[in-house]
Each structure stands twice: as C-alpha cells, then as structure tokens.
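This is a predicted model, so every value here is computed, not measured. Convention: sequence-line order gives letters A, B, ...; per-chain numbering from 1.
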There are 2 protein chains.
Amino acid sequence: MKHTVTAKDVAKLAGVSQSSVSRVFFEGAKVSEKTRAKIMAAAEELGYRPNEFARSLITNRTKIIGIVMKGVHNPFYPQVLKQFAAAFKEKGYSMLFVHTNNDEIEAEDVETLLNYNVAGVIITDAVMALNVGEEFKKNKIPLVFFNRKLNSDEFYSVSCNNLDAGRKVAQYFFDQGIAEMAYIAGDADTSTSRDRQRGFQEVLKQKKAAYRHFSADYTYNGGYTTAMQMIEEGNTPPAIFVANDIMALGVLDALKKNSIQVPEQTKVIGFDNIEMASWPAYQLTTWEQPIDEMIEATLAYLLAEIAEYTGAAETFEVDGHLIERSTT
Amino acid sequence: MKHTVTAKDVAKLAGVSQSSVSRVFFEGAKVSEKTRAKIMAAAEELGYRPNEFARSLITNRTKIIGIVMKGVHNPFYPQVLKQFAAAFKEKGYSMLFVHTNNDEIEAEDVETLLNYNVAGVIITDAVMALNVGEEFKKNKIPLVFFNRKLNSDEFYSVSCNNLDAGRKVAQYFFDQGIAEMAYIAGDADTSTSRDRQRGFQEVLKQKKAAYRHFSADYTYNGGYTTAMQMIEEGNTPPAIFVANDIMALGVLDALKKNSIQVPEQTKVIGFDNIEMASWPAYQLTTWEQPIDEMIEATLAYLLAEIAEYTGAAETFEVDGHLIERSTT
DNA sequence: TATATTTTTGAATACGTATGCAAAAACGCT
DNA sequence: AGCGTTTTTGCATACGTATTCAAAAATATA
C-alpha cells in the first residue's frame, strides 16, 4: 500500500508539531537549531519530501516555469530549452514543456499553463493572440517573449538587436566591395526576420546598393529550394544574408551542388550560430545570438516579477556579433 | 487583486453545491443535464478552471509526465520530445521537462519528479542508478526507458531491435561484396551502441569478415575526429557502420575533406534517420528507428500502468528498416 | 531571583477540490 | 395517487501544507 510520508508523520517521530516540520522545510521560517536537527533526522529516516501540490495550494504559487516552443527542428531552440532548464533548475524551478503545433499558441496550451498556475511563462517561437496575453496579465503571471520583439509594449520581450545586426551585416558585405546583395527571409510574420531585413535593407538603400528579396520559412529545405530557384534563374548574387543558420546551411548545400564557389563567387552569412554552423562541412559565417545574455535577462526579469509582480514591460535587446568563418 | 475563481463561486452563481460543480468537471461523475448546463454557463461566465493542485492533492494523482533528457545536441531527442508532447497532450497530460547534465540522472532530478508526483516517467538518454529506480517503484510510478535496453528486467524499456539492426547492416554490406568493415561506437555505456555492435560483429565473425572497432561518443565531432584519425592512419575501410546519424555526418564530412569518394571508396551507414540524414548534402543511408511505434508503445504502457499499476516490466523492441540513400 | 523581553512552539484554520453518505428528487409501475 | 426504485444532490470531511495567534520556553535585564 502506498503511504506517502507526510509532515505529520515526521512530526510524530520527532516529537514536535506539524507546524515545526513545515517551518523547517519552508525557507525563511525560523526554528531553533535543536528542533531543526531532530526534524531533519526524522525526515531523513522516513524519506519525507514536502508535497508540492499541498504547498502550491496554500501559497498559491508554484515553482514551475512554462516554456512554449514550436520549432524543434531548428537546433537553436532545443539549445535554448536546455539552457533554460539548467538555469531555472539552479533556482529551484522546474520546466513545463508545452509544444504548439500551429504557429499560434493554442487555447488548450494556455489553459494548461493557467491550470498549473505556472510562476512564469516563456514563449519562444510561437505567436500569441493578444487576448491570450491578457489572460496571463489578469492572473499576474509574468510572460516573456524570447527571441521575438513585440510591436506592442505590453509585454517583456528579449531578443537580439536584429535591426542593428542586419545593418552590420550589410556594412560588412559592403566593406568587402559588394554592391548587390540578397536577403532570404524566414517566416514573414516573425519580428526577427523582419527586423534583420529592415536593418539590412536600410544600409543598402543608403549605400545605393542593389537589394533582392527572397521569402522562405526558417527551414533547411526552405533555404535549399530558395537557393536552387535563385540559381536556376541564373543570377546568383555575390552575397546572401540568410535569416537563420539552418536555412543558410540549405543555401550552402544548394550552392555546392551547383558548384558555385563560396565565398569566391557568393558569400553567405547566417544568423544564430548554431552548433552546426561550425561543422567542418559548413564553416558558416554567422551572426551569433548571445544566448547566455538573453537567457540571463529572461531569468532576471522572471524572477523579479515572480518575487513581486509589477507587470512592467520592456523590449530588451542585446547585441550579438559576427563570427567569421569561411563562407565570407 | 488576484482572485482565482473557485468551484464555490461557480456553485453560488449557479445556485448549486460545490460538489455538483466538482462533478461536472470530474469526468466519470454523474450530474443531470439540467444542472450541468447551469453550471457550465456559470463556469463560462466566471472563467472557472479547476485548480490542478487541489485536485492532485486529493486524488493523489497528476496529469504530468516527466521526461528526462540529456542529449539535446542529437536532433533525434528533440524530435522525440516533440512527439511525446503531442501524444500526451492529446491524452490530457502535460510534460515536465527534466534536463540532466551528467550522464547519470541526478538525485535532484529524481526528487523533482517525485515532488511533483508525476504520473509516469520517460527516461531517454540518461543513465539511472538502480536504487533510483526503486524509488519510483516504491511510489508506484511507472517508468519507461526510451531507446535504452536494460540488462535488468526490472523496468519497461522500449527500443529499436538494435541487435538485429546491426546484423542486417552487416549482411547488407556483405551482400555488396565487402569483407572488411568498421564500426564507430557511441558512448560505451549505452545499450544502444553495444547492441548495434554485437549484431554487426556477430555476422562478420560468422562470415569471417574483418572487423575494426573505433570508439566515439555520439557527437558530430566525435565522428569527425575519429574518421580523421582513421584516415590519417592510412587504411580507411570500405564500409563503416556508425552508431548514430549525427556521428555519421561527421564521418562523411571527414571523408569528403580527404576526398574519399562515398560510396565508391567507402560506404557509410548511420542510425536513427534524423532529418539531416536526408539533406541533399549528406543523403545518408541509415537505419530508421520507428519513432512512431516506439512512442506508441511507450504511451500505451504508461497509460495502462497509470490506470492500474502492476509494475510489469518488459523489454519491448521494435524493428526498424534500412533507408537507402547515396552513401551506400 | 524576579521580571521584562524575545524567541520558539503548537493548536487551529485555510487553501480548492473529490467523495462517501444520507437526504431529496425524479422516475417507473400498478 | 401511491409506492418502490433509481438518480441526483448537498453536507461534511479529507488531502498535506503554510500561517496566524496565543501560549510556552528561552533569554536578557534589573
């Protein structure tokens, strides 16, 4: 028969009250060293472990962070997941993983997060209807958009300074004497892709360099087929800025297949600096997103808001930097 | 002020008792259609949502599945995570994601799982001390080792029939007239790598074909450097079986860098059939793990054990099959 | 030592839900 | 309509913890 050992059991064995046991396991409460020792011994002996649910029920708080993720195909996101898990574990939090199939985060998913009364939510690569955001606000659950910038200033978001990165990449190409460049976009409804493009295009316009636009979808195949088409059409630009690494790899493979020399004939720059970008086969020059900083900012914000909810919103952007490898 | 709406609130508005509200939201309980309608209307109006914690507290059950994962670098695992999340979501379960840094699942992680009284646990690529397993057994929490076969028959495990797969791969090479083959192993302490090797080696021995062994670690770099060494030593075997795809990609890149023709000079077969294996740049022949089947088996077992715990253990193996691409 | 003050402790209660039990209501039958 | 039977409902309680409040113990002060 399953008998989970409770605080009462420990209390009985230690010859104290349940309250004292509770106090030992609730940090910030005071107990004398003597009884603490007694209780710890008893708890050890019985293998006592406070019931998280009873705890959450009464405190109306949890130690759970919800993380919403869609694109498990882009290795950037598993990496992010891992780092969040590690960072939050250290702070005593666990991760509730919510996978959305659709671009837009589903009502069901939001309900899950609310049902579990998560302490905070991280939304990575999913889109969220605005009324959904209100739902979190109403419940005073802090929310962070990770790697997405909102046009609304209603929520905290942390992302790379994509606009500036786009500019820098354009400038970099330009400095190499290139006057015609292409951009391969990711999903059009993402701020990341749009901002990278805007910055990139802005500099080109200023320099009066030619800009060509291609639309893709943040996947390897998207990059590959887009590049193939580009090549078939017969004028492959001398420089291509690709909205993320995984697409850039597809682009590189397409170029290689068509025996187009990189970087001699065409230079390629990606975005993210995923692990694969450094693989010998690719050696992709790319804009590194400072994941560590981004994680840290998210963590700091969430913990602060969990400690005391203010609902403060901010659009936080961190700089990244170019990692030069052999595609430029 | 945060006022989570409770069953009592709904009851008051609907003019019924809290018990009736509970019964409406607890599946399997009976309420008359009339009151159900009244309650649903009131619940809708107030935006009522049952508190999972109060629920779990009293039922001593949760709708949470813990999933333990280490190797987020091998895309096979994110894929698995995604599919589990989707499958369990459909059944009304949520996923608690636990990331282990070390090979061995840490005590802290186990505690998390126990604290949240998870309904079931899936351990993917981590190792677990035996006494830890006992802990789960004691609490009647069903446990599945995914993609790991145990030498003990104490726990349920689901994996690909790696032994047979190894045999088939060897036979496949042999049928192509090859009499000398190499195996590049993954982490030595994994059953997957060992079984693949055993099957492979077994057939070679029987056919009196030469076998060469290389040790690596299931990472791209491991595959790459191992292959580089192999090449430097000057006798690259005509056929290589690599314990997983991500290493195989490293091997292919090393071969390519040294201008060794694949498949003409050396044939390569990987394992997993991750998405990248089908990329134009690689076109890796590989043994496909039937993820869907493996997920399904895991799901079925866990749900059955959750419904009624028996502690039954089984070593479940599913066949996979070879996907021929252009590296053979 | 006696008293004032601080610290520690225990009893009681609350959190929001599920559920056994008995009362009430609805239903079926003659 | 009257009775027996089934279905539905509400009351009361329990789950395991945190927390308030008052009592008790320990400590400081005179």
Any pair counted as salt bridge (Lys or Arg N to Asp or Glu O under 4.0 Å), so long as it reaches residues 15-29 of chain A, sequence neighbours left out =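 Checked against salt bridge (Lys or Arg N to Asp or Glu O under 4.0 Å) - neighbours excluded - no pair reaches residues 15-29 of chain A.
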[X] has an atom [atom1]; how far is it from atom [atom2] of [N], in whole Å?
X	N	atom1	atom2	answer
B:N51	D:dA14	CG	C1'	16 Å
B:I58	D:dG16	CD1	C1'	11 Å
A:K12	D:dG16	NZ	P	12 Å
B:F53	D:dA14	CZ	P	24 Å
B:E27	C:dA18	CD	C1'	14 Å
B:Y48	C:dG16	OH	C1'	7 Å
B:K8	C:dT17	NZ	P	10 Å
B:F25	C:dA18	CZ	P	10 Å

### Message
According to ring pair (Phe, Tyr, Trp, His ring centres under 6.0 Å), does anything in residues 15-42 of chain B pair up with another residue at least two apart or in another chain? List the pairs.
### Response
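Pairs touching residues 15-42 of chain B that pass the test: B:F25-B:Y48.
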Could you tell me whether [X] and [Y] make a salt bridge, using a distance below 4.0 angstrom between a side-chain N and a carboxylate O?
X	Y	value
A:E106	B:K89	yes
B:E135	A:R49	yes
A:K70	A:E104	no
B:E154	B:K137	yes

What class does the angle between the rings of B:F97 and A:F97 fall in, given that below 30° is parallel, 30 to 60° is tilted and above 60° is perpendicular?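 Tilted: the ring planes of B:F97 and A:F97 meet at 30° to 60°.
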My understanding is that only one of B:D125, B:D187, B:T192 makes a side-chain hydrogen bond (donor to acceptor under 3.5 Å, both in side chains) with B:Y218; could you say which?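 The single option meeting the side-chain hydrogen bond (donor to acceptor under 3.5 Å, both in side chains) with B:Y218 is B:T192.
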Are A:K63 and A:Y93 in a cation-pi setup, meaning NZ or CZ lies under 6.0 angstrom from the ring centre and within 45 degrees of the ring axis?
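Yes, A:K63 and A:Y93 form such a contact.
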(message) I'd like to know whether the aromatic ring centres of A:Y301 and A:F316 sit less than 6.0 Å apart in this structure.
(response) no
Taking OP1 and OP2 of D:dG16, is either one under 4.0 Å from a side-chain nitrogen or oxygen of A:T4? yes
- Query: Counting just side-chain N and O atoms, does A:T6 come under 4.0 Å of either OP1 or OP2 of D:dG16?
  - Reply: no
Residues passing the side chain to side chain donor-acceptor pair (under 3.5 Å) test with A:E275, sequence neighbours excluded, are B:H73
Heavy-atom contacts, protein to nucleotides 4-13 of chain D, under 4.0 Å, summarised as B (base), S (sugar-phosphate only) or - (none) per nt, yield ----SBBBB-
Which residue lies toward the 5' end of DNA chain D, A:F26 or A:L57, if each is placed at its nearest nucleotide?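 Its nucleotide being nearer the 5' end, the pick is A:L57.
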(Q) Considering every strand and a 4.0 Å limit on heavy-atom distances, what is the contact class for B:R61: base, sugar-phosphate, or nothing? (A)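 Here B:R61 touches no strand at all.
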Self-check item: Residue A:T59, side-chain atoms from C-beta onward, closest of C:dA18, D:dC15, D:dA18
Solution: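 So the side chain of A:T59 is nearest to D:dA18.
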Angle separating the five-pair end axes of the helix from C:dT1-D:dA30 to C:dT30-D:dA1, nearest 10°, is 20°
- Item | Residue of the set B:V110, B:I122, B:I123, B:D109 for which side chain to side chain contact (heavy atoms under 4.5 Å, CB included) holds with B:V68 |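 Looking at B:V110, B:I122, B:I123, B:D109, the match for B:V68 under the side chain to side chain contact (heavy atoms under 4.5 Å, CB included) is B:I123.
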Kindly give the atom pairs (protein nitrogen or oxygen, nucleotide nitrogen or oxygen) under 3.5 Å for nucleotides 23-25 of chain D.
none

